[in-house]
Each structure stands twice: as C-alpha cells, then as structure tokens.
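No hydrogens, no waters, no symmetry mates; every other heavy atom, side chains included, goes into these values.
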Amino acid sequence: MITGRTRLYAIIGDPVAHVRTPISFNAYFAEQGIDAVCLPFHIGRDDLARGWEGLKALLNLDGFIVTAPHKQEAARLCDTLVDDGRHVGVVNTVRREPDGSYRGTLLDGRGFVAGLRSQGHDPSGAQVYIAGAGGAGNALAFALAASGASAITIHNRTRSKAADLVERVRRAYPSIEVSLGTADASGHDIAVNATSLGLEPNDPLSFDLATVPLQTLVAEVIMMPKMTPLLRAAEARGHRIHYGTLMLDGQLNKMMEFFGFSVKNRTSAAVA
C-alpha cells in the first residue's frame, strides 16, 4: 500500500512505455517488505534540464534509473560522478545523497562482470578481448579493468575510437595491459561482443571466431535474441558461451546495492 511515507524511485527516458525496470524493482520491494515504489517518468528528449529540477524538488525521490536518450546529459547534470560513470561520462543510475545532491554512476559494465561471476567466470587475472568501443565497449572496458583483468584488448571498426578508449583505460588503470586489437581474438581467456552486431540473424560476427582457442569463453552483451549468431557459432565450435541477459540480472543487483539495499543473486526478466 502506498502511503505518505512511501519512498519513490523512478526510471526516466523517452520513450518509457517499453521499460521493465518498475516491474523488477516493485517485485523486489514487495518481496522484501520495503515501503517504496518505482515509477516510469517520461521526460522528453530535449527537456531533461527542466525535468531534472523537478526531480530534485521531489524530496521523497531517493533515486532513479536513466535510459535513452538521457544518459550523457544526466552525467553532466549530476553533482558528482563515481566509478565507471566518472570514467565514461555517462550514467544510468542516480541516487540522492543525504545533503540532497545527486550522485551518478554507470553500471552496465559492473553488471556484466557480476553476470560472469554468477556463472563461475571470474575475470580477475584474465586476458579479455572486447569487440566494440561504443557505449557498451566503454562500460565493459572500465568495469573489467576494475575487476582485476590482467590484460584487455579492444577492437573497433573505427580504429580511432578503440585507440581513444585504450588510452583512457590505460590512464585510469596503469597497472593493466591495455592494447589496440584487430579482428584476431587469439590469446584471450574471454572474448566479448560489445557491438550491435547480432541483433539481426544475418549480421556478420564482430571478430574472427576461427582465431579463438576452444577454451576461450565467448560472451555477448546483446540480450535479444538470446542466442545471437556469435553465440550460435561459438557453441557449434565447442566454446563455453555466456548470454547477454546475464548482464541485466547482474546490473539489477548492482543498482539495488547502489541505492543501499542488500541483494543476493536476485534475477530479473529485464532492466530498463
């Protein structure tokens, strides 16, 4: 039952009709007996600055999830950025601090790492290959570096984007070997597709699977379809595979933890 004491959480975006975050959050609140509710707030593409002032004026709003197209501007509007949000300049989770300020972070990559660990794949000490230097590639590169990966190779069709990401990860984590790669993904423990290739059934692969040793874990960030062309081909070759949906489950847990809740391996149909 919603009362005057109920704490508010939200997801903001444009559009928001498709989002499933309120389903996941409200199920958790109900299961744990927490007097809180999560609601979708539709803030227009060009209206975030005005909407942000409204969010800050809601004193019982303790935090919110940020989805497209607001992730970059939300980072600019936050009072402080931490962890991957600070490194990438993009946020997807924002909480209100005791002094009323807004602190933002990016949890896509941390969710991916949590998903790996939930399946017994610890990236600590691993050599990781990432195909893609866009939003997902940035999030994964910094999160995997933070997780203790020993080496990270980044490949992107636009080589300058990969080179820029390599340099930024090197500066943030100077003890980790970070290098610019090609479509050859040999010599790695984990190979990840962090591009949009795989959304369509006839998409080409983002790297040359034939170069990947059979003991390498092949992973995705794409959630739908669950079995992408890469995972299908990797499974046929005999690789262990890792689904993109596991990143969502891990990300939900990380979001809850960022908001101050205790979560143990909770799974979810979807986030955002």
Side-chain angles (χ1 to χ4, degrees), residues 1-111 134-136 138-139 142 223 247-248 250-263 266 268-272:
M1 178 182 296
I2 296 175
T3 72
R5 296 182 181 276
T6 300
R7 306 308 298 178
L8 302 183
Y9 293 84
I11 177 168
I12 65 170
D14 181 19
V16 292
H18 67 289
V19 300
R20 298 183 59 83
T21 299
I23 297 172
S24 299
F25 272 56
N26 290 326
Y28 172 79
F29 294 148
E31 290 168 4
Q32 300 298 316
I34 297 169
D35 189 7
V37 63
C38 180
L39 301 168
F41 291 171
H42 188 176
I43 299 177
R45 176 175 298 272
D46 300 318
D47 212 17
L48 182 59
R50 191 161 64 100
W52 196 266
E53 292 305 312
L55 295 172
K56 295 203 81 168
L58 297 172
L59 300 183
N60 56 349
L61 178 69
D62 291 338
F64 51 91
I65 307 306
V66 185
T67 190
H70 297 315
K71 292 183 178 182
Q72 189 166 5
E73 188 177 3
R76 183 180 62 81
L77 292 169
C78 281
D79 298 293
T80 57
L81 299 177
V82 294
D83 300 326
D84 297 345
R86 178 169 56 87
H87 293 307
V88 181
V90 170
V91 301
N92 71 342
T93 310
V94 178
R95 74 172 182 234
R96 185 191 297 272
E97 297 291 270
D99 64 0
S101 65
Y102 274 173
R103 173 168 294 202
T105 192
L106 178 65
L107 295 174
D108 294 327
R110 306 285 173 133
N138 270 259
F142 283 102
M223 278 75 79
M247 180 172 72
L248 285 177
Q251 189 174 183
L252 174 64
N253 293 340
K254 291 297 180 183
M255 288 173 172
M256 289 296 189
E257 289 170 1
F258 190 71
F259 290 141
F261 300 111
S262 176
V263 180
R266 177 177 169 77
S268 153
V271 175

Exercise for the section: Could you tell me whether Phe25 and Phe261 have their ring centroids closer than 6.0 angstrom? Expected result: no
Practice task
First locate atom CD1 of Ile43, then atom CG of Asp14, and finally report the distance between them rounded to the nearest 0.5 Å.
Solution key: 9.5 Å
Exercise for the section: Answer yes or no: does atom CD of Gln72 have more than 12 heavy-atom neighbours from other residues, nucleotides or ligands under 6.0 Å? Expected result: no
Practice task
Decide side-chain contact (heavy atoms from CB on, under 4.5 Å) for Phe258 and Val82; before the verdict, give the C-alpha distance in whole Å, the side-chain angles of both, and the deciding distance to 0.1 Å.
Solution key: CA-CA 11 Å; Phe258 190 71; Val82 294; 4.1 Å; yes
Practice task
Measure across Gly85 and Leu81 and return the closest heavy-atom pair with its distance rounded to 0.1 Å.
Solution key: O-CD1, 3.8 Å
Exercise for the section: Enter the distance from Arg96:CZ to Leu55:CG here, rounded to the nearest 0.5 Å. Expected result: 8.5 Å
Problem - Student check: side-chain heavy atoms of Ile12 and Ile65 closer than 4.5 Å - result: no
Handout entry: Which atom of Leu106 lies closest to which atom of Asp84, heavy atoms considered
Key = O-CB, 3.5 Å
Problem - Gap separating the NE2 atom of His70 from the CG atom of Leu77, nearest 0.5 angstrom - result: 10.5 Å
Handout entry: Ile11: which of Val66, Thr21, Asn92, Thr93 passes side chain to side chain contact (heavy atoms under 4.5 Å, CB included)
Key = Thr21
Problem - Electrostatic pair Arg7:Asp62 at N-O distance under 4.0 angstrom - result: yes
Completion exercise
Between Gly13 and Thr67, the two heavy atoms sitting closest are CA-CG2, 3.8 Å
Exercise for the section: Taking Asn26 for its side chain and Pro22 for its backbone only, find out whether a donor-acceptor pair lies under 3.5 Å. Expected result: yes
Practice task
Compare every heavy atom of Tyr28 with every heavy atom of Ser262, then report the nearest pair and how far apart it is.
Solution key: O-OH, 3.0 Å
Exercise for the section: Would you check if the distance from the ring center of Phe259 to the ring center of Tyr9 is below 6.0 Å? Expected result: yes
Practice task
Considering only NZ, NE, NH1 and NH2 on the basic side and carboxylate oxygens on the acidic side, decide whether Glu53 and Lys56 come within less than 4.0 Å.
Solution key: no
Problem - Heavy-atom side-chain contact between Asp108 and Lys71 under 4.5 Å - result: yes
Fill in the blank from the handout: Interatomic distance, CG@Asp99 vs CG@Asp79, rounded to 0.5 Å, equals 7.5 Å
Handout entry: Gap between atom CZ of Arg86 and atom CZ of Arg103 - 0.5 Å precision
Key = 10.5 Å
Practice task
Can you see which heavy atom on Ala75 is nearest to which on Val91, and at what distance?
Solution key: N-CG2, 3.6 Å
Exercise for the section: Begin with the C-alpha distance, continue with both residues' side-chain angles, and end with the deciding distance and a verdict on side-chain contact (heavy atoms from CB on, under 4.5 Å) for Lys254 and Thr105. Expected result: CA-CA 11 Å; Lys254 291 297 180 183; Thr105 192; over 6 Å; no
Problem - CE on Met1 to OG1 on Thr6, rounded to 0.5 Å - result: 9.5 Å
